[in-house]
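A quick write-up on the structure given underneath.
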Amino acid sequence: MWIGVVSLFPEMFEAITRYGVTGRAVDQGLLTVDFWNPRDYATDKHRTVDDRPYGGGPGMLMKVATLRPAIAEARRDAEHRGYAPARTRVVYLSPQGRRLDQRGVRELAGLEALIVVAGRYEGIDERVAEADIDEEWSIGDYVLSGGELPAMVMVDAVSRLVPGVLGHGDSALEDSFSEGLLDCPHYTRPETVDGRRVPEILLSGNHAAIRRWRLKQSLGRTWLRRPDLLEGRALDREQQQLLDEFIAEDAA
Ligand SMILES: Nc1nonc1C(=O)N[C@@H]1CC[C@H](O)C1
């Protein structure tokens with residue numbers, strides 16, 4: 001998958017292009033990340049990239065004259081690479097955007113090309129949002145200093161769904177939210193930590209029983225911590241039985 005990044009701090013993205021699953025995906029050519037820095041489009045001596053807001057007040061906005069050409073260049077590059085405009089999306093990360101969840105991640109992973117615009121200062125001019133941005137997305141209801149971290153969160157989550165990135169595909173399926181449930185508890189050596197033993201079922205080698213136990217724990221943990229995720233969700237017979245067992249044990 002090809003990702004275009006518009007950011008004043010492209011070096012921040014080394015956190016995903018050089019490390020871990022996403023770093024390996026870049027090395028293997030499964031993921032390509034290209035950068036456009038609005039500062040490269042500045043023409044003044046000080047290479048200004050911010051500008052004052054009309055109406056006064058604190059804070060600055062990203063300068064229109066340097067931001068717009070950076071976005072336009074990223075779009076042109078996507079087109080030159082042969083990505084269909086209909087399968088290319090320019091997204092801007094901001095608290096005003098659609099909340100990113102695994103369903104949204106799956107949608108974005110279906111694109112041919114994704115261009116992420118990371119804001120700084122108080123954000124971007126509304127007319128740039130209207131003219132140059134296809135969608136606004138938020139990673140949560142809090143205010144960050146820049147859009148780079150949210151952009152990396154989005155790119156990381158989307159990249160995990162690109163075929164071949166995870167290697168053994170299972171972990172994507174078992175991850176929280178892939179099935180709309182919270183993840184089950186996980187355990188590794190040693191068998192006892194501070195007197196707390198690993199659940200015996202996990203030492204049994206009975207893979208069918210282990211699968212059921214893990215599903216029961218995911219359902220139960222979701223019921224306890226995020227009941228909203230179960231609202232309106234149709235559970236199959238096995239899932240309902242396991243959740244009922246969990247609730248009965250929890251009540252005991
Ligand atoms: N929450 C979020 N989810 O996506 N982006 C944000 C976020 O706080 N963005 C900052 C607001 C102004 C600054 O430019 C960057």
Side-chain angles (χ1 to χ4, degrees), residues 1-19 22-23 25-26 31-85 87-98 100 108 111-140 142-159:
M1 185 171 187
W2 180 83
I3 309 271
V5 173
V6 174
S7 168
L8 290 169
F9 301 110
E11 59 278 4
M12 285 180 69
F13 288 78
E14 289 185 16
I16 56 174
T17 60
R18 289 185 53 189
Y19 302 93
T22 48
V26 170
L31 180 69
T32 301
V33 187
D34 288 320
F35 299 90
W36 284 268
N37 187 335
R39 196 174 296 279
D40 294 338
Y41 300 84
T43 53
D44 64 310
K45 185 174 63 169
H46 298 296
R47 305 189 72 204
T48 308
V49 291
D50 61 345
D51 210 341
R52 287 176 291 105
Y54 282 119
M60 301 291 275
L61 292 171
M62 294 192 75
K63 185 179 178 68
V64 170
T66 47
L67 177 60
R68 296 203 76 194
I71 298 172
E73 195 59 41
R75 272 194 196 271
R76 266 196 296 278
D77 192 71
E79 217 163 319
H80 289 162
R81 290 168 177 274
Y83 298 125
R87 301 286 306 281
T88 300
R89 212 169 293 175
V90 178
V91 304
Y92 172 60
L93 285 304
S94 89
Q96 287 74 41
R98 170 183 166 185
L100 183 68
L108 295 169
L111 294 170
E112 286 183 5
L114 175 63
I115 296 169
V116 289
V117 178
R120 277 276 154 173
Y121 317 111
E122 300 305 305
I124 67 175
D125 185 292
E126 189 61 17
R127 295 159 299 174
V128 174
E130 290 165 359
D132 300 341
I133 303 294
D134 296 320
E135 293 176 354
E136 277 191 59
W137 288 80
S138 168
I139 63 166
Y142 35 81
V143 180
L144 301 168
S145 309
E148 283 77 13
L149 289 174
M152 282 188 263
V153 164
M154 175 180 277
V155 171
D156 184 293
V158 168
S159 304

Take V128 and L67 through the side-chain contact (heavy atoms from CB on, under 4.5 Å) test and state the conclusion after the steps.
-> CA-CA 9 Å; V128 174; L67 177 60; 3.9 Å; yes
For the residue pair [X] and [Y], what are the closest heavy atoms and their distance?
{"X": "P69", "Y": "V64", "answer": "CD-O, 4.0 Å"}
{"X": "M62", "Y": "G119", "answer": "SD-CA, 3.5 Å"}
{"X": "P53", "Y": "P58", "answer": "CG-O, 4.4 Å"}
{"X": "W36", "Y": "G4", "answer": "CZ3-CA, 3.9 Å"}
{"X": "S159", "Y": "V155", "answer": "OG-O, 2.5 Å"}
{"X": "P38", "Y": "V6", "answer": "CG-CG1, 4.0 Å"}

To the nearest 0.5 Å, how far apart are [atom1] in [X] and [atom2] in [Y]?
{"X": "L149", "Y": "D156", "atom1": "CG", "atom2": "CG", "value": "12.0 Å"}
{"X": "S138", "Y": "Y92", "atom1": "OG", "atom2": "OH", "value": "11.0 Å"}
{"X": "M152", "Y": "L93", "atom1": "CE", "atom2": "CG", "value": "10.5 Å"}
{"X": "M12", "Y": "T17", "atom1": "CE", "atom2": "OG1", "value": "12.0 Å"}
{"X": "R47", "Y": "L8", "atom1": "CZ", "atom2": "CG", "value": "10.5 Å"}
{"X": "W2", "Y": "L114", "atom1": "CH2", "atom2": "CG", "value": "9.0 Å"}

Give the C-alpha distance, both sets of side-chain angles, the deciding distance and a yes or no for side-chain contact (heavy atoms from CB on, under 4.5 Å) between L108 and E135.
-> CA-CA 11 Å; L108 295 169; E135 293 176 354; 4.3 Å; yes
Between [X] and [Y], is there a donor-acceptor pair closer than 3.5 Å when you use the side chain of the first and the backbone of the second?
{"X": "D134", "Y": "V91", "answer": "no"}
{"X": "R39", "Y": "V49", "answer": "no"}
{"X": "E112", "Y": "A84", "answer": "yes"}
{"X": "T48", "Y": "D50", "answer": "no"}

Does a sphere of radius 6.0 Å around CZ in R52 hold more than 12 heavy atoms from other residues, nucleotides or ligands, not counting ones at 6.0 Å or beyond?
-> no
Would you say [X] and [Y] make side-chain contact, with heavy atoms under 4.5 Å?
{"X": "D51", "Y": "L61", "result": "no"}
{"X": "P85", "Y": "E79", "result": "yes"}
{"X": "L111", "Y": "M1", "result": "yes"}

Please walk me through it: do K63 and D44 pass salt bridge (charged side-chain N to carboxylate O under 4.0 Å, His left out)?
-> CA-CA 12 Å; K63 185 179 178 68; D44 64 310; over 6 Å; no
Any chance you could lay out the side-chain contact (heavy atoms from CB on, under 4.5 Å) test for M60 and R120, step after step, and finish with the verdict?
-> CA-CA 9 Å; M60 301 291 275; R120 277 276 154 173; over 6 Å; no
Carboxylate-amine/guanidinium contact R68 D132, below 4.0 Å | yes
Salt bridge flag under 4.0 Å for residues E73 and R76 | yes
